[in-house]
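Structure first, commentary second.
Numbers restart at 1 for each chain; the letters A, B, ... are given by sequence-line order, proteins then strands.
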2 protein chains.
Amino acid sequence: MLSRASKYAILSTLFLAEHSNVDKKISVKVISESIDVPSPFLAKLFQQLVRGKIISSTKGPNGGFFLTDKNRQKNVLDIIENIDGLNKFNDCFLGLNECDGKNPCPVHFIVEPFKNSLLGKFKDKTIHEFSLEISEKGRVLTLKGLDLS
Amino acid sequence: MLSRASKYAILSTLFLAEHSNVDKKISVKVISESIDVPSPFLAKLFQQLVRGKIISSTKGPNGGFFLTDKNRQKNVLDIIENIDGLNKFNDCFLGLNECDGKNPCPVHFIVEPFKNSLLGKFKDKTIHEFSLEISEKGRVLTLKGLDLS
DNA sequence: TTATTAAAAGATAAAAAGGTCTTTTAATAA
DNA sequence: TTATTAAAAGACCTTTTTATCTTTTAATAA
């Protein structure tokens, strides 16, 4: 469904939402260790997220990555769009060229409602709102101890 | 969501359901041209589907691939399981190790209901039933003219 | 203004997915 | 029983994704 890059991007953006602000920047190394993601890979990913204005950064001493208030108004779908693009969501589940309500693939009416509701949910809530929910409910964001497959 | 291999497998199995039977076998070449999928790749895929008892085959003149009545009792999820495995469905959407109702990832309650309903639908209907529906409703199964991306 | 810090940029490498080709095996029609 | 047909098997190639490493740029603290 999502590439690893997108998953890392969502997790680390939520991590930044919870632990960083304009006066408290966090280095790649700290984040990568916190959520247990390879740091050079995360560094590359962050460059793209900065270009996409999902997260912010400054160089030099006390530099690092952080979220501005504007960044916090983005939603999860913006992150996915920035990394994977939205084709995975918009394209036919079976890969057919012509697939819509008028000319549906065999699973069209099974998959379509699901896709729409998932898409809606990911647009629904801002990173800020997500982050509040996470700290309220004490949810875990790390991949530590994970056997990725 | 699905690998290309799985998509090809579903399409070509449904094609066999509609156009083949024990007395009418179809060669890889004919199928690959009909649904516009690379034939050497489909040949490999078919070997695996035969081993998984999703489809059947015989060698030699008038040989080819076909579905038995038993094959037709399989469902779409059996195909996906045989090619991709079920990890994509069972694993956490964000890739977290520990993610369940008690210790959910940030999107757990968004994704979980969707996954379950999709899974149910794919188990619900046999290949036979799917095939009947397709020929009734005249749905298209080809990838022709498709810009895969 | 210089040394230090941390991100940006770019080149490179490893793994996985997707795709192709050649040889072998089995079925059958002549 | 032999030639032919079509799948099975296995080696190989290409592209994409994931991951790493090195050099450059920018910010700032001393």
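Of the residues in residues 46-63 of chain B, those lying under 4.0 Å from DNA chain D by heavy-atom distance are B/Q47, B/V50, B/R51, B/S57, B/T58, B/K59, B/G60, B/P61, B/G63. Contacts between residues 66-73 of chain B and DNA chain D, defined by a heavy-atom separation under 4.0 Å, are absent. Near DNA chain D, defined here as any heavy-atom distance below 4.0 Å, there are no residues from residues 13-21 of chain B.
The nearest pair of heavy atoms linking A/L45 to A/A5 is CD2-O, 3.3 Å.
Taking only side-chain nitrogens and oxygens, B/Y8 never comes nearer than 4.0 Å to OP1 or OP2 of C/dG18.
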- Task: Map every base of DNA chain C to its dot-bracket character, where paired means a Watson-Crick or G-U wobble contact with both distances under 3.5 Å and | marks a partner outside the strand.
- Result: ||||||||||||||||||||||||||||||
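Separating the NZ atom of A/K44 from the P atom of C/dA13 is a distance of 16 Å, rounded to the nearest angstrom. Distance CD1 (A/I83) to P (D/dT18): 11 Å, rounded to an integer number of Å. In this entry the distance linking CG of A/L2 with C1' of D/dT17 reads 14 Å, nearest Å. One can place CG of B/N87 at 16 Å from C1' of C/dA17, the figure rounded to the nearest angstrom. The nearest whole Å value for the distance from the CG atom in B/L45 to the P atom in D/dA7 is 14 Å. Here D/dT14 presents its C1' atom at 13 Å from CZ of B/F41, a figure rounded to the nearest Å. The nearest whole Å value for the distance from the NZ atom in B/K29 to the P atom in D/dA6 is 10 Å. Distance CG (B/L42) to C1' (D/dA6): 14 Å, rounded to an integer number of Å.
To the nearest 0.5 Å, atoms CD1 (B/I54) and CD (B/E81) are separated by 8.5 Å. Separation of atoms CG (A/L16) and CD1 (A/I127) is listed at 10.0 Å; rounding is to 0.5 Å.
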- Give the intermediate values and the outcome of side chain to side chain contact (heavy atoms under 4.5 Å, CB included) for residues A/N21 and A/R72. CA-CA 10 Å; A/N21 58 55; A/R72 287 172 205 271; 4.1 Å; yes
- Using the ring pair (Phe, Tyr, Trp, His ring centres under 6.0 Å) rule, take A/F46 and A/F66 through it: C-alpha gap first, then chi angles, then the decisive distance, then the call. CA-CA 11 Å; A/F46 274 4; A/F66 61 100; over 10 Å; no
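With sequence neighbours excluded, no residue forms a ring-ring contact (aromatic ring centres under 6.0 Å, His included) with A/H108. Applying the side chain to side chain donor-acceptor pair (under 3.5 Å) rule to A/S6 yields the partners A/D84; only residues at least two apart in sequence or on another chain are considered. With sequence neighbours left out, B/S39 forms a side chain to side chain donor-acceptor pair (under 3.5 Å) with no residue at all. With sequence neighbours excluded, the residues satisfying ring-ring contact (aromatic ring centres under 6.0 Å, His included) with B/F41 are B/Y8. Residues passing the side chain to side chain donor-acceptor pair (under 3.5 Å) test with A/S56, sequence neighbours excluded: A/N71. Checked against side chain to side chain donor-acceptor pair (under 3.5 Å), B/K29 has the following partners two or more places apart in sequence or in another chain: B/E33.
No side-chain heavy atom of A/D78 sits under 4.5 Å from any side-chain heavy atom of A/N82. Counting only heavy atoms from C-beta outward, the side chains of B/L67 and B/E18 never approach each other to under 4.5 Å. The closest side-chain heavy-atom distance from A/C99 to A/L94 is not below 4.5 Å. Two residues are said to be in side-chain contact when any heavy atoms from C-beta on lie closer than 4.5 Å; A/S3 and A/K88 meet this criterion.
Checking C/dC21, D/dT18, C/dG19 against every side-chain atom of B/P40, the shortest atom distance belongs to C/dC21.
Along DNA chain D, the nucleotide closest to B/V28 and the one closest to A/A5 are compared, and the more 5′ of them pairs with B/V28. Comparing B/K25 and B/S39 against DNA chain C, the residue whose closest nucleotide sits nearer the 5' end is B/S39.
Of the candidates A/T13, A/L14, A/I55, A/L11, A/T13 is the only one forming a side-chain contact (heavy atoms from CB on, under 4.5 Å) with A/I79.
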Listing time: all N or O pairs from protein to nucleotides 1-3 of chain D that are below 3.5 Å?
none

With a cut-off of 3.5 Å and sequence neighbours excluded, list every side-chain donor-acceptor pair involving residues 129-136 of chain A.
| unit_1 | atom_1 | unit_2 | atom_2 | d |
| --- | --- | --- | --- | --- |
| A/E129 | OE1 | A/T126 | N | 2.9 |
| A/E129 | OE1 | A/T126 | OG1 | 3.4 |
| A/E133 | OE1 | A/K125 | NZ | 2.5 |
| A/E133 | OE2 | A/R139 | NH1 | 3.4 |
| A/S135 | OG | A/S131 | O | 3.1 |
| A/S135 | OG | A/L132 | O | 3.2 |

